[in-house]
Amino acid sequence: MDGFAGDESEMRQVVRLPSGPLLTDEHHKTDAVIETAVASRIGADADRDLYPRLVAGAVPGAIQVTPTATGTPR
């Protein structure tokens with residue numbers, strides 16, 4: 001994973017990101033809300049169509065990258 005962390009101690013912090021049932025449940029709930037909103041907006045079926053799920057999966061990455069791209073601190 002060269003290039004992703006400044007040193008080994010930073011990498012250990014990345015690996016230790018919290019992950020538990022409550023956090024996972026909240027992520028699923030958030031994804032479902034985004035999927036439903038996207039499906040409603042484009043006239044798709046959130047349970048059957050792939051596109052709303054793809055968008056829901058891309059949203060967290062876009063949120064994470066936006067401050068860096070715009071020069072806004074996190």
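What you see below is based on every heavy atom in this structure, not just the backbone, and it leaves out hydrogens, waters and symmetry mates.
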Legend entry - L50-I42 co-clustered via ILVMFWY side chain contacts under 4.5 Å: no
Side-chain donor-acceptor distances from residues 31-40 under 3.5 Å, at least two apart:
from	atom 1	to	atom 2	distance (Å)
T36	OG1	A32	O	2.8

Legend entry - Residues which pass salt bridge (charged side-chain N to carboxylate O under 4.0 Å, His left out) with D45, listed by chain and number, not counting sequence neighbours: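 With sequence neighbours excluded, D45 shows a salt bridge (charged side-chain N to carboxylate O under 4.0 Å, His left out) to R48, given in chain and number order.
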